[in-house]
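Fair warning: this is a prediction, and the values are worked out from it, not measured in the lab. To find a chain, count down the sequence lines: A is the first, B the second, and so on, and within it residues start at 1. No hydrogens, no waters, no symmetry mates; every other heavy atom, side chains included, goes into these values.
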Amino acid sequence: MTSAIACAFYRLVGGSTTVPLTLGLRNIFILPTGYGMLFLAVLGAMLIGSVNYNNNLGFLLTFLLGSLGLTAMMHTYSMLYGLRLVSATATPVFAGESVAVDLQVVDIDRLRTGVCWHFKAADPIRVDLRPGEPARVLVSAQTGHRGLFNPGWLRVACDYPLGLFKAWVRINTDLQCVVYPRPVSGPAPRATVATTHTKGDITQTAGVDDFWGLSAYQPGDSPGRIYWRAYSRGRGLHTKTFGGQAGAGLMLDIADIKGVDTERKLSILCFHILRAHHLRRSFGMRLDGQTFPAASGRVHRDRCLRALALYGND
Amino acid sequence: MQSQPIRPLLLALAVALAPLVFHLPWWAVGWCLLSWGYLYFRHRRGGPVASRGMRLALFVVGMALVLFFAGLRFDGGDFIALLAVMAGIKPLEIHSRRDSMVTVFLAYFLTITSLFVFENLSMTLYLFVSVWTTTGVLIHVNDPTGTIGRQMRLSARLILVAVPLMALLFLLFPRLSGSYWGSPWARQSRSGFSSSMRIGDVSRLVLVDDPAFTVAFDSSIPDAGRLYWRGIVFQRFDGASWYPGNRQATRQGSVGGTDLARYTVTLEPHGRRRLFVLDLPVTANLVATIMDDHTLMARRPIWQRFHYGAASFLDARQKSAEGPGNAYLQLPANRNPRTIALGNRWARTHAETKTVVTAALDFFKQNAFQYTLRPDRLGMHAVDDFLFGSRKGFCEHFATAFTVLMRAAGVPTRIVGGYQGGRWNAMGEFLTVRHSDAHVWCEVWQDGQGWVRVDPTFTVAPDRIDAGIERALAGEERLWFLGGRQGDMVARLTQAVRQTWEAVNTRWNMWFMGFSAEDQTALLRRLGVSVGRQGEWMLFVLLPPLLIAGVIMLGRIQIKGRNHSPEDQVLKVYGCFLDKMARAGIPKASYQGPLDYGQWVMDRHPELERDVDAIIRRYISLRYGREYNTNALKAFRHRVRRFKPRQTLATGSR
C-alpha cells in the first residue's frame, strides 16, 4: 500500500527525473529517518519533562535541539540542491557482472559530503563531491542476463550531517546497457575458412605461431606479450612478436555448435570470440541471417559481441 | 562492519555527565570511570570485547546497586544514578551505527538531566558546550572518515543558525502555568527555617553564606531598619523549641498603611511552602495565600527557584479588633521559675502593656547582655540560665527570653522567624538576602494597635539591624565569622568579581528562569496578539504532528506485518539452525547450499548426522516443496529448537 501511495505521490509532484537534470525543489524529497523519529521521541520526552517541571532551561535545551534538527534538515537538503547531472553512460559488460554507470556531475559550488548513489537493491556508494572541477561517479548495477539492460531508478541520497533526515532524488537514467552473454568454454566450431587469397600465396604477417623476436612496445600491445623479464632488468618495455599465417581466420557459426540451448550456444560463441581476440587471430561470425566477415581488432570484436547480445531481441 | 568512533562517543558522554559528578553517588562515578577507562585503553591497545553474558551481568549488577542505594524511595537523585549506570555500560556494546546513535541520544538526555538539577547562568552556558560537543560527535558518527576539527566547526555553525529559532520558540511556544507532579530532583536537605525552631538553630543557619532569596524593588528601597522579611510565626513553646500554631486560617481582614513597597522575590528552593515577604504583606501573587498571621504560603513546596511579586505596607496598621486567645500566653509547665516570677512581678507593678515592654528591654540593656554566635550551653531551665546566668546569646535567645517574660507578665506575645536586612548589589540593582541574615523577633499584642513588632536584639546590638551581622559581632568573632576573607587586595578583588558574577547570575535568574506563562501572555499582548485559553492553543500545536506521526507509525506496522509470510518464517527457523551450527564451530560457508552443507557436516561429524539430515530435509521440503502446512512448520521449528549441536559434539568427543 505504501509503495502505491509513494508512486501516486511521485506522479503528482512530477518534476524532471531524466538525465540531464538539475536537483531542485521539484525532485528532491526529504523525510526523517528512523533515527530522526527516535530523536523526535527524545525531544518529546524532554518537552513533557520541561512543561511538567516548568523548567526554563529544559525548554531552552529542547528548543535548541529542535531548531538544530530543523537546521540539519536544511543542511541535508542543501547537500543535494543545485547539483547537475549532465550524462549517464555505461560500457557493455558480460551477463552476471555488474555494470558501472558513469555519471557526470557538474556545478559543484560547495563541498557535498556523504552523497550516496545506488540503483535498486545495490549497496550505495558514498562520495564526497569537492567543489571546482566536475565529478565522475561510477555507480554499479547488477546485471541479469544478456540483452539490453535497464538499471532502473537511480537513487541519490544523503543524510549528512546528523543522520536525522534523509534527502533523496529518483533519477531515470534511460540507459540501455548492452549485456553480452556470459562466456562459457566449449568445443570450438571447427570450420576454418579460406580467405580470398590463393592457397600457396601465404604472406608472413604478425600472428601467434612462431616467435620472431622483440620489438619496442607500442601502446595497445597486449600485456600478455610484454617481455617483462627485460623490463625488470631496466631495459625498457619490449613486446614479443610472433609470426603467423594471415588469413587463416576462424569462422564461428552458431549452426556448427551442437546442442539445443540457444543461450548456451551464444555463450560458447562469446568465449571463442574473446579467445580469438586475445590471441590476436582474425575471425568471422555467422548468426543465422547475419554474417560478419573475418577480421580482427577491438571494434570487430565489439560488433560481434553486440550482435550476440541482441540476438533474437529484434 | 565499520568500527564505531568509541572515543568521541566517550567524550560526549563525559561532557554531558560532568556537571552531575558531585551529585552522583561515589560508586556511580567509579562505575563510569572504570568502564570508560577500560574502553579507552582497549581502543588503543586492544583487549577482549565484553560478551553478551558479561554485559547482561553488568546491567544486572548496576540495577541492583541503584536499587540497593535507593531503597524504597526512588527520587530524582536515584534516577540520575540510574542514567549514569546506563551511560557507563552502554559504550561496551557499541558495535553498529545504531548503537552509536542511541549513545548520542543518551548524551543529549543526560544533558537535560543536569539542567533539572542546576538552574543558573553557568549551567546555561555549559548547556551550549554540551550540545556543541554532542552534535559534533553525532556528525562524526555519520561521517567517520571526516576530520573531527571540521565537524566540530560545522556543529558550531549549525548551533549558531539554530539559536534564533530557539529564542523564538522559547518566547512563543505555548506554556502552561503550574506543574503537574512537582519536581523530584535533588530533594536533599536544604538550609532554611524548618517548621520548628530549637534554641540554637538560627545561630547555626547564620553560618550558611548561601543566598536565600533576591529581591528587585519596583518602588524605592526601604531603609535597612525596615527590612524585616517575615516567614514563619511561632506560637507554642515547650521549653526548648518553638512551634507554629496548629490552626492556619487565611487572613480575613485587610491592612492599611501609607508606605507601600512593591517588589519581586526570586526565592531559592527550600522544600517548604512558606514564602518570605516584607512586614506586612498587602497583596501577593495568585500562587500564594496570605495566612491570618500575615505569613505567605505557596500551594506546593518550593523545589525550584520560584518567583513571586508582592506588595507590603512598611507602616502597616491592622484593623482586627478582637484580642488573641490564651494560646499566646502559653508557657511550658515547671520551667524557668525565676523568669516567670520576674514576669509576674512586672505584671503587678506595671499597669500598661507598653511599660512592661519597656521594662523588659531595659532589663536587657542594663544587665550587660552580649550578642554572640557562640552562646554558652543552656540547661533544663534555658531561659533562666540565659537571663540570670550566661547572658550571652543570639537573636533567638533574646526573642525567647523576651517572649517568656511577656507571657509571664500576661502580655500575648509571639515570635516571628525570617530574615532581616540584605545586601544591596548596586550593579544588578537588587537585594540579596542570605541565610546569614536569618533573624527572629517578637510581636506583642497591644489593645487598639494589634500586633506590634518588638525586636529585643536591637536593644542589645543596634548595629545588627543597621549594618548587618558582620558589624554587630565583636571584633575577634567577626574575623571568625568571615573566615578570614577580608583586608588584602586579593580578597577585595575576589569580592568584586564575586559581586559582579552574582549580579549577572541573579539578573539572569530573574529574567530567564522566571519567564512564565504569564510573562508570555504579557509579551504577546505587547506585540498586539491576545491569547485566549492556552489549552486550545496547545491543541492546535500538538494535533497535526501527532496525526502525522500516527500515519507513519501505521505505515511501519503494515510493512512489519507483511514480513510474516510463511517463507520468511521457514527462513527464520533455518537461520536459527545455522546460528546454532556456527556457535558449535561448524559455520556454513556462503557458497554452500543446504544439501552441500548437510553432506559436508555429516562427513565431518557423523554423530550429528541424524538431526542435521532431518532438519535439512524438512527445510528443503518446506521452502522449495509444493505443499506447505503449518503443522510441518511447527514440527520443523520444534526439531530445530531441540537440536543442540554443541552438547552433542561435547558428549560425542568424551
Donor-acceptor check, side chain of B:N142 to backbone of A:Y160, threshold 3.5 angstrom: yes or no?
no
Calculate, to the nearest 0.5 Å, the distance between atoms [atom1] and [atom2] belonging to [X] and [Y] respectively.
X	Y	atom1	atom2	value
A:S67	B:L158	OG	CG	11.5 Å
B:I112	A:L57	CD1	CG	9.5 Å
A:T62	B:F173	OG1	CZ	9.0 Å
B:F128	A:L61	CZ	CG	9.0 Å
A:M46	B:Y108	CE	OH	8.5 Å

The residue among B:L138, B:I159, B:V163 that forms side-chain contact (heavy atoms from CB on, under 4.5 Å) with A:L68 is B:I159
How about B:D143 and A:R126: do any of their side-chain heavy atoms sit closer than 4.5 Å?
yes
Find out whether B:M101 and A:F39 are in side-chain contact, i.e. whether some heavy atom of one side chain is under 4.5 Å from a heavy atom of the other.
no
By a 4.5 Å heavy-atom criterion (distance strictly below it), what part of [X] contacts chain A: side chain, backbone, both, or neither?
X	answer
B:T134	neither
B:R157	side chain
B:S130	neither

Considering only heavy atoms, which portion of [X] lies under 4.5 Å from any heavy atom of chain B: side chain, backbone, both, or neither?
X	answer
A:L40	neither
A:S50	both
A:L43	neither
A:L70	side chain
A:Y35	both

Heavy atoms of other groups near [X] [atom1], more than 12 under 6.0 Å:
X	atom1	answer
B:K90	NZ	yes
A:R170	CZ	yes
A:R110	CZ	yes

Pair A:L38, B:V102 - check side chain to side chain contact (heavy atoms under 4.5 Å, CB included), show working.
CA-CA 9 Å; A:L38 185 63; B:V102 170; 4.3 Å; yes
When only pairs under 4.5 Å are counted, which of B:L154, B:L168, B:V161 shares the most heavy-atom pairs with chain A?
B:L154
B:R150/A:D128 ion pair, N-O < 4.0 Å
no
B:F170 and A:F59: ring pair (Phe, Tyr, Trp, His ring centres under 6.0 Å), yes or no, with the steps?
CA-CA 7 Å; B:F170 182 80; A:F59 275 120; 7.1 Å; no
Residue selection (most heavy-atom pairs with chain B, distance under 4.5 Å) from A:L162, A:L65, A:L164
A:L162
So which of A:N55, A:V42, A:T71, A:L31 has the biggest tally of heavy-atom pairs under 4.5 Å with chain B?
A:N55
